[in-house]
Amino acid sequence: ARGQELYKRALGKILPVAESGDPDAQYWAGCCQEYGTHDLKEARKWYMKAADAGSPKAMFKAAWFSVRRLGAADMDFAEAREVALRYAKAASEAGNADGAALMAWLTFIDCRGERDFEKALPEIRKSVEGNSPLGKMLLGRMYMEGAAVEQDMDKAERLLREAVDQGCSEAWDVLKEIRKKSAKDEGCVTTGKCESAEVSTAKMVLQEQAKKGAELYENPETREEGLAILRKSAKNGSPFALARLSALYYLGEGGVKKD
């Protein structure tokens with residue numbers, strides 16, 4: 001909630017500079033629209049402007065928005081892919097690690113021809129060396145599946161956790177797949193007591209419910225529903241819900257009594 005509000009407040013100050021043609025301001029205007037107002041169409045517009053003005057990080061965003069058709073749901077798939085490839089290539093050539101990872105994915109993995117993980121591997125490894133969360137997610141998945149590398153669930157989980165910590169939501173989806181296949185949990189390493197796959201999966205479901213509650217809480221129209229979900233998740237032991245509720249009570253936000 002606090003982060004979203006900061007983005008919203010920053011937007012008013014950034015927009016005049018962005019409109020003057022400053023590529024960094026245009027990039028941040030895109031971030032404010034994406035994470036603050038959740039207006040993906042406007043976010044896409046500003047990312048594209050910044051990318052065309054030479055911002056490498058905006059080039060990646062423009063490519064990502066295109067391949068996912070964010071803010072452009074009516075765009076033809078073939079056209080979206082073509083635009084994504086163009087911006088991903090530009091980002092990669094400009095030294096952006098996420099751009100390199102996306103380019104490898106589009107060229108060798110998510111391609112119309114046969115998938116070639118062997119060719120993708122060097123570029124993805126290079127992107128991981130550049131600290132790309134997307135690269136970590138892709139390499140983690142390759143370790144999970146044993147694609148072009150020897151299958152190694154420990155390496156897969158480590159990379160995916162790092163990607164999640166850097167904000168890559170796609171990595172969380174892959175991490176859940178691993179948890180469903182394995183009973184291993186963090187507690188196995190520290191205490192020698194492994195949870196069952198059922199318990200581990202139940203925890204992930206609880207976490208997802210808590211996150212859904214937090215998302216609903218951001219919208220005034222669904223705030224009560226979101227608050228109810230957060231309270232239920234906290235009661236069931238979700239660390240995420242407990243932390244979020246603690247912050248809300250401390251700040252006294254959204255009708256939650258400060259306590």
Side-chain angles (χ1 to χ4, degrees), residues 18 22-35 39-145 147-149 159-160 162-174:
D22 183 279
D24 284 334
Q26 290 172 341
Y27 169 78
W28 284 108
C31 290
C32 289
Q33 296 285 14
E34 180 180 2
Y35 302 116
D39 188 334
L40 298 184
K41 188 174 182 179
E42 278 296 300
R44 175 188 173 85
K45 180 189 80 175
W46 285 114
Y47 285 142
M48 291 287 190
K49 283 180 179 290
D52 293 340
S55 168
K57 53 191 176 183
M59 291 172 188
F60 165 71
K61 280 290 193 176
W64 186 251
F65 265 56
S66 295
V67 76
R68 300 292 298 276
R69 291 191 288 180
L70 300 174
D74 57 345
M75 180 181 283
D76 176 78
F77 178 79
E79 180 188 356
R81 181 180 172 78
E82 183 181 342
V83 173
L85 277 166
R86 185 172 74 249
Y87 281 113
K89 181 180 180 183
S92 179
E93 291 175 349
N96 181 273
D98 281 322
L102 182 56
M103 188 64 188
W105 178 58
L106 288 170
T107 306
F108 301 117
I109 301 175
D110 184 40
C111 54
R112 294 178 180 177
E114 186 176 347
R115 294 169 126 196
D116 195 332
F117 289 98
E118 294 285 350
K119 288 184 179 179
L121 183 59
E123 295 303 314
I124 291 175
R125 283 196 188 279
K126 190 185 297 183
S127 74
V128 171
E129 290 171 6
N131 204 32
S132 161
L134 178 60
K136 291 175 183 179
M137 186 276 288
L138 293 172
L139 187 57
R141 177 141 212 157
M142 289 169 72
Y143 273 114
M144 182 186 80
E145 297 175 348
V149 293
L159 286 162
L160 291 166
E162 289 180 12
V164 169
D165 289 342
Q166 289 178 265
C168 181
S169 59
E170 289 76 14
W172 175 244
D173 292 334
V174 183

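Quick note: numbers below take in every heavy atom, side chains included, and nothing from hydrogens, waters or symmetry partners. In this chain, residues are counted from 1 in sequence order.
Heavy atoms of other residues, nucleotides or ligands lying less than 6.0 angstrom from NZ of Lys49 number 12 at most. Residue Glu145 places its CD atom among more than 12 non-hydrogen atoms of other residues, nucleotides or ligands, all under 6.0 Å distant.
Side chains of Leu85 and Thr107 form a contact here, defined as non-hydrogen atoms less than 4.5 Å apart. Between Leu160 and Arg141, every side-chain heavy-atom pair lies at or beyond the 4.5 Å cut-off. For the pair Lys136/Gln166, a side-chain contact is recorded, criterion being any heavy-atom separation below 4.5 Å from C-beta on. Side-chain contact between Asn96 and Met59 is absent, with no heavy atoms from C-beta onward closer than 4.5 Å. Side-chain contact between Leu134 and Met137: present, with at least one pair of heavy atoms (C-beta onward) separated by less than 4.5 Å. Counting only heavy atoms from C-beta outward, the side chains of Glu34 and Lys61 approach each other to under 4.5 Å. Side-chain contact between Asp22 and Tyr27 is absent, with no heavy-atom pair separated by less than 4.5 Å.
Atom CG of Asp110 is separated from atom CH2 of Trp105 by 4.5 Å, given to the nearest 0.5 angstrom. For the atom pair Cys168 SG and Asp173 CG, the distance stands at 9.0 Å (nearest 0.5 Å). Here Leu139 contributes atom CG and Glu162 contributes atom CD; the two are 10.5 Å apart, rounded to the nearest 0.5 Å.
In this structure a side-chain-to-backbone donor-acceptor pair under 3.5 Å is missing from Tyr47 to Phe60. A donor-acceptor contact shorter than 3.5 Å is absent between the side chain of Gln26 and the backbone of Trp46. Ser92 places no side-chain N or O within 3.5 Å of a backbone atom of Lys89 that could act as its donor or acceptor partner.
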For residues 62-73, please give each side-chain donor-acceptor pair under 3.5 Å, one per line with the distance, not counting sequence neighbours.
residue : atom : partner : partner atom : Å
Ser66   : OG   : Ala62   : O            : 2.8
Arg68   : NH1  : Glu170  : OE2          : 2.6
Arg69   : NH1  : Met75   : O            : 3.0

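The shortest non-hydrogen separation linking Leu138 to Ala101 is CD1-O, 3.6 Å. In plain terms, the two heavy atoms of Pro23 and Ala53 that are nearest each other are CB-CB, 3.7 Å. Residues Leu159 and Gly140 approach most closely at CD1-N, 3.9 Å, considering heavy atoms. Here the shortest heavy-atom pairing between Ala25 and Ala18 reads CB-N, 3.6 Å. Heavy-atom minimum distance, Leu106 versus Arg81: O-NH2, 2.6 Å. Between Gly135 and Ile124 the shortest heavy-atom distance is O-CG2, 3.6 Å.
Legend: residues meeting salt bridge (charged side-chain N to carboxylate O under 4.0 Å, His left out) with Glu118, ordered by chain and number and at least two apart, are absent.
A salt bridge is absent between Glu129 and Lys126: the closest approach of a Lys/Arg side-chain nitrogen to an acidic carboxylate oxygen does not fall below 4.0 angstrom.
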